[in-house]
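Residue numbers start from 1 in every chain, and the chains themselves are labelled A, B, ... in the order their sequence lines are given, proteins ahead of strands.
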Amino acid sequence: MSDETQSSLDSIWQSEDQIFANKELLDIEHIPDEERIIGRDDEISNVANSIHPAIQGGKPRNTLIYGKTGTGKSLVAKHVTQSAERFAQKEGTHLNRAYIDCTQTTTETQVVIKLARSFNDPKKTDISVPLSGLSTNAYYDRLWRILDELHDVVIIILDEIDKLQENNVLMQLSRAGEAGKLESCKVGIVAISNKITFKDSLDERVLSSLQEREFIFPPYDANQLREIMRHREDAFQEDVLSNEVIPLAAAFAAQEHGDARKALDILRNAGELAKDDGSDQVLEEHVRDAREQADIDRFSKLLQDQPTQSKAAVYALSSLADGLKEEEFSTREIYEQYEQLTKTLDIDALSQRRMADRLNEQVFLDILGITDRVGRGRGKGMTNFYYLLEDPEVVQSAIKSDQRFSDVKI
DNA sequence: AATCCACAGGAAGTCTCGGTTA
DNA sequence: TAACCGAGACTTCCTGTGGATT
C-alpha cells in the first residue's frame, strides 16, 4: 500500500462520527436500565407478581403476555426475570431462567435441546446434551435430570410462541410436575405472543394451565414513544438532533400501532441518511425520507434473503404484474410463468403443490398479499390469488441483485 | 337439483444430510 | 462400524369445497 493511500485512509480512521456517539442504544435488543423502561410500570409489577412465588422456591404462575410488536413484551419479561434471578440468589434459591425465541427455534426437539443446554452445567451434572442425534424422548429425559439436579425453580420465556410449530412441548413443560417427570424442580412459563388467535390452536389442558395469568400490553402512545427516544438520545452526538426530529418520528411510529421498534428504526435511519448527506444535524427531511426508505429497504432485504426457488416464484408473479401493480393472479397462472422462468434460468422446476407453498411462505413474510378462497371465473371453487405488496420494479430490482437473475428479461 | 370442475391444502412417503451412540 | 435420530425439502395421492354448468 502506498503512502498516499495510507494517509487518505488515516483521515477516515481518524474522523469522528459526526452524528452517532453510541449507536447501540438504538438497538431494540438493548436492555435499558430500569428507569429507562417507559410507561410499562403496571405491566412490570403485574408480571413480577405472577412469578413472585419463585423467589422462595415455589411454583411461579404461568403467564401469557399479548401485545403488538414493539410494545415492550420481551423487554419486560427479560427485565423482570433477570431481576427475580438476582433477588432469589440473595435468598439462597437456585432460580434460573431461559429465553427462547420461537422464530428461531420452531420445533419441539429444538426447544428441548436449547433448554437443556442452557440449564445444564456439564461440570456439575456430568450430562452432555448434543446438538442432534438423539430421540426427542432422550432429550426430555436429560432435561428433567438436569433440572432436578441443579435448580429449585426455572422460568422459561417463550417469545413469539405462536411461531412454534408443535405445542406438545408446552404440554410437557406445563405438566412436568404433575406427570411425575420432575421431583423437586418447579417450572414456570412466560409465553409471549402478538396474536390472540394463537389460543385457538392449543389443547384445552395446556391452555388452562398456561393461562393462570394473562396480560395485554397496550401500544405506546406518541408521548411515550417520544420519551422512549429521549432516553436513548445519548446514541447521538450532542446537539445533532434538531427539535422536530423526535416528535416527528414518534408521530410516524404512533400511526403504525405504537411500535417502539419502528420508532427507533426510523431514528437510526434518519441518522444514517444525515451522515450520508454530510450533514452535521439530523433534520426533519431525514426523518421523512427514513420512513419511506425503511419500508423499501426492509422489503428488499427480506426478498434478497429468500432462496432461489422463492425468488423465482415471486419474480414470475412480478413479470405477470409488470406495469399493472397490485393485480392479482391465480396459482396456476403464476405456475405457468414460473415454469417458463425456470427454463430460461436453467433450474429445476418444483411441482405446483410445492410452489404454492413457497408463495404462501412469502405471504407470511409480508412480501406478497393474498385474496383467498374467492371463487371466480368459470367452474372454479376456491382459488388463491396473489399480488405484490410493492411495485414490480422494486421487486424485480431486488431479485436481480442475485446474479442468477441478472440476465432475465421476461 | 345434480353434477362437474379445478383448485387448496392435509397426509403420507421418500431422500438426503449432519449428527450420536453402543 | 452399523444402526438410529430429527429436520427439511420434495413428491404423489387424496379429500373437500362451492360456484358454474347442465
Under 4.0 angstrom between [X] side-chain N/O and [N] OP1 or OP2:
X	N	value
A:Thr383	B:dA6	no
A:Asn384	B:dG9	yes
A:Arg358	C:dC10	yes
A:Ser330	B:dC7	no

Find the distance [X]:[atom1] to [N]:[atom2] and express it as a whole number of Å.
X	N	atom1	atom2	answer
A:Leu350	C:dA9	CG	C1'	9 Å
A:Gln352	C:dC10	CD	P	15 Å
A:Arg354	B:dG9	CZ	C1'	13 Å
A:Glu108	C:dA7	CD	P	8 Å
A:Asp357	B:dA8	CG	P	11 Å
A:Met355	C:dT11	CE	P	12 Å
A:Tyr335	B:dA8	OH	P	13 Å

From the options C:dT12, C:dA7, C:dA9, select the nucleotide whose nearest atom is closest to the side chain of A:Ser351.
->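 Nearest nucleotide to the side chain: C:dT12.
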
Along nucleotides 10-22 of chain B, 5' to 3', which nucleotides get a B, which get an S, and which get a -, given that the test is a protein heavy-atom distance under 4.0 Å?
-> B--------BSS-

Salt-bridge test for [X] and [Y]: reply yes if a basic N is under 4.0 Å from a carboxylate O, no otherwise.
X	Y	result
A:Lys343	A:Glu339	no
A:Lys301	A:Asp305	yes
A:Lys262	A:Asp265	no
A:Glu390	A:Arg298	no
A:Glu284	A:Arg288	yes

What heavy-atom pair brings A:Ala312 and A:Leu341 nearest, and what distance separates the two atoms?
->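 A:Ala312 and A:Leu341 have their closest heavy atoms at O-CD2, 3.2 Å.
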
The side chain to side chain contact (heavy atoms under 4.5 Å, CB included) partner of A:Cys185 among A:Ile146, A:Leu147, A:Asn96 is A:Leu147

Between A:Gln110 and A:Ser135, who's closer to the 5' end of DNA chain C by nearest nucleotide?
->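 The answer here is A:Ser135.
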
Name the nucleic acid region contacted by A:Asn360, choosing base, sugar-phosphate or nothing; use a 4.0 angstrom heavy-atom cut-off, strictly under.
->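 If one applies the 4.0 Å heavy-atom cut-off, A:Asn360 turns out to touch the sugar-phosphate alone, with no base involved.
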
Do other residues, nucleotides or ligands put more than 12 heavy atoms under 6.0 Å from the CG atom of A:Asp348?
-> no

Hey, are the side chains of A:Leu345 and A:Thr308 touching, using non-hydrogen atoms and a 4.5 Å cut-off?
->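 A:Leu345 vs A:Thr308: side chains apart.
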
Cation-aromatic face contact A:Arg40/A:Tyr220, 6.0 Å, 45 degrees = yes

Scan residues 98-106 of chain A against DNA chain C and write down, sorted by residue number, each residue with any heavy atom closer than 4.0 Å; if none is found, say none.
->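 Residues of residues 98-106 of chain A that come under 4.0 Å of DNA chain C do not exist, since none gets that close.
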
Pair A:Tyr66 and A:Phe215, ring centroids less than 6.0 Å apart |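 No, the ring centres sit 6.0 Å or more apart.
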
Overall bend - the helix from B:dA1-C:dT22 to B:dA22-C:dT1, comparing terminal axes fitted on five pairs, nearest 10 degrees = 30°

If you measure only the distance, is there a donor-acceptor pair under 3.5 Å linking the side chains of A:Asn223 and A:Glu227?
->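 No, no side-chain donor-acceptor pair sits under 3.5 Å.
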
